[in-house]
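Structure first, then comments.
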There are 2 protein chains.
Amino acid sequence: MTDSKLKTPEQTKIAGLSDEKLFEIMELFFFAYRDFTSDPDEILMNYSFGRAHHRVLHFVSRNPGLRISQLLDILKITKQSLGRVLRQLIEEGFIVQKEGETDRRQRLLFLTDSGSELARRLAEPQLRRIAAALKYKGTGDAAFAREFLYSLVDQQEHAKVKAIVRK
Amino acid sequence: MTDSKLKTPEQTKIAGLSDEKLFEIMELFFFAYRDFTSDPDEILMNYSFGRAHHRVLHFVSRNPGLRISQLLDILKITKQSLGRVLRQLIEEGFIVQKEGETDRRQRLLFLTDSGSELARRLAEPQLRRIAAALKYKGTGDAAFAREFLYSLVDQQEHAKVKAIVRK
DNA sequence: AAAATATGTCAACAATACTGACTTATTTTC
DNA sequence: GAAAATAAGTCAGTATTGTTGACATATTTT
């Protein structure tokens, strides 16, 4: 009943890797994400914020002066979805908007001091978790992790993601 | 304004890794998850299912005879949240429940044929993506990816996760 | 027999996403 | 300079997935 076209007496292989190994990594990706997000989630509860607020704070923190349209493209959500969380972050003094200098239609996003502080607090446990995960490995392993994750991103997004990630 | 206690003229390091490298990996984790989930999401739309249904299908597929309580512990959601999606999956013929043989209070979960087929279809693009991400690397890199992701999981969950992931 | 366990269910609520429609201000194009 | 395109904001309605709290049923353990 659980058999499928994927199975053979031995094991199907994609790109020389057994299904079994691939499944393990797939599942670990789920568990890693589940726990990776749990620390910031707890902090966010104190502010009645959620993950959506975290994402906005993070990307504005890393890219001061980010435009709304860029943020939408990073998050892959609609303007209306972003609108709500952004309004809250602005109303509660974590983010400010400035008119674009060359294009006055733009509303460039910046963190306030308390926004910066919250972004830092949210990042800290995640940075620690990543550092701990790489601690046992030799040099070059950070590079491997980076390349591995990068390869999971859509091909057509590579250039954009690289531009955002690399500083 | 964007300065914080984390910064020094050079760069703060956690466990010998620069903040910058850690930030990159943190962000890539977000982008990887964003795109990793996008392929199954499209398939699920045809069934009016969401990610919650996918998770249930996946873990039942990998663990036939899974108990409700185990699934709740894997997903870290409430009984009520699971209840809704599980009911739909049962009503629409993707999952069946069988009474536990040793403990008749238990409702063991199994996939039907169409459940198996859907689970396979959902897994396929993700397996391919993982395989492609590891294709360029030498032997042992699958092991590295596995250890890296595993290290991101909560310490106290390690034993349980290992039991679920390793077959 | 009483207590604990495994599961199911009702109701209300919250966060985050969506579609569709429309507005305002500004810049670009013809 | 008028028309079209772009950047952003907003209103209204809906769906998914999560939450709490309360309570019911069947079964097993103490």
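In what follows, every chain begins at residue 1, and chains take the letters A, B, ... in the order their sequences are listed.
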Side-chain contact check for A/R105: nearest option of C/dT5, D/dT6, D/dG18 is D/dT6
Closest of D/dG21, D/dG9, C/dC18 to the A/Q80 side chain is C/dC18
Evaluate the ring pair (Phe, Tyr, Trp, His ring centres under 6.0 Å) criterion for residues B/F36 and A/F29: first the C-alpha distance (whole Å), next the side-chain angles of each, then the deciding distance (0.1 Å), finally the verdict.
CA-CA 10 Å; B/F36 189 64; A/F29 198 64; 4.9 Å; yes
Out of D/dG18, D/dG9, D/dT20, minimum distance to the side chain of B/I77 belongs to D/dG18
Atom CG of A/L82 and atom C1' of D/dA7 are separated, to the nearest Å, by 13 Å
Minimal heavy-atom distance between B/I74 and A/F30, with the atoms involved, is O-CE2, 4.0 Å
With hydrogens left out and only the distance checked, is there a donor-acceptor pair under 3.5 Å joining B/R84's side chain and the base of D/dG18? yes
Picking from D/dT17, D/dA8, D/dT16, the nucleotide nearest the side-chain atoms of A/S69 would be D/dA8
Of the listed C/dT7, D/dT28, D/dT17, the closest approach to the B/D103 side chain comes from D/dT28
Picking from D/dG9, C/dT26, C/dC10, the nucleotide nearest the side-chain atoms of A/E99 would be C/dT26
B/D73 atom CG is separated from C/dT7 atom P, nearest whole Å, by 12 Å
note: A/R87, atom CZ; C/dA15, atom C1'; distance rounded to Å ~ 14 Å
Judged by nearest nucleotide, the residue sitting upstream toward the 5' end of DNA chain C, A/G50 or A/K79, is A/G50
Base, sugar-phosphate, or nothing: which does B/G83 touch, judged by heavy atoms less than 4.0 Å apart?
nothing
Here the distance between atom P of D/dA8 and atom CD1 of A/I90, to the nearest Å, is 12 Å
Ring pair (Phe, Tyr, Trp, His ring centres under 6.0 Å) for B/F49 and B/H54? Distances and angles first, verdict last. CA-CA 8 Å; B/F49 286 162; B/H54 183 190; over 10 Å; no
To the nearest angstrom, the CG-C1' distance between B/D41 and D/dA15 comes to 14 Å
5'-most contact on DNA chain C (nearest-nucleotide basis), A/R51 vs B/R107, goes to B/R107
* Asked: Contact class for B/Q88 (heavy atom, under 4.0 Å): base, sugar-phosphate, or nothing?
  -> nothing
*Any A/M26 side-chain heavy atom under 4.5 Å of B/H58 side chain*: yes
Under 4.0 Å, counting only non-hydrogen atoms across every strand here, what does B/S81 touch: a base, just sugar-phosphate, or nothing? base
inquiry  = Whether A/H53 contacts C/dT16 is assessed here as follows: a side-chain N or O lying under 4.0 Å from the phosphate OP1 or OP2. Is that the case?
reply    = yes
Checking C/dT7, D/dA12, C/dT27 against the side chain of B/Q106 (C-beta onward), the nearest is C/dT7
| query | More than 12 non-hydrogen atoms from neighbouring residues, nucleotides or ligands closer than 6.0 Å to CD on A/E101, yes or no? | reply | no
Separation of D/dA8 atom P from A/L109 atom CG, nearest Å, is 8 Å
(Q) Does C/dC18 have OP1 or OP2 under 4.0 Å away from a side-chain N or O of A/T78? (A) yes
Separation of C/dT9 atom C1' from B/E91 atom CD, nearest Å, is 13 Å
From CG of A/L72 across to C1' of D/dG9 the rounded distance in Å is 12 Å
Shortest non-hydrogen pair, A/L152 vs B/A32, comes out as CB-CB, 3.8 Å
Q) At under 4.0 Å between heavy atoms, what does B/Q97 touch on the DNA or RNA strands: base, sugar-phosphate, or nothing? A) sugar-phosphate
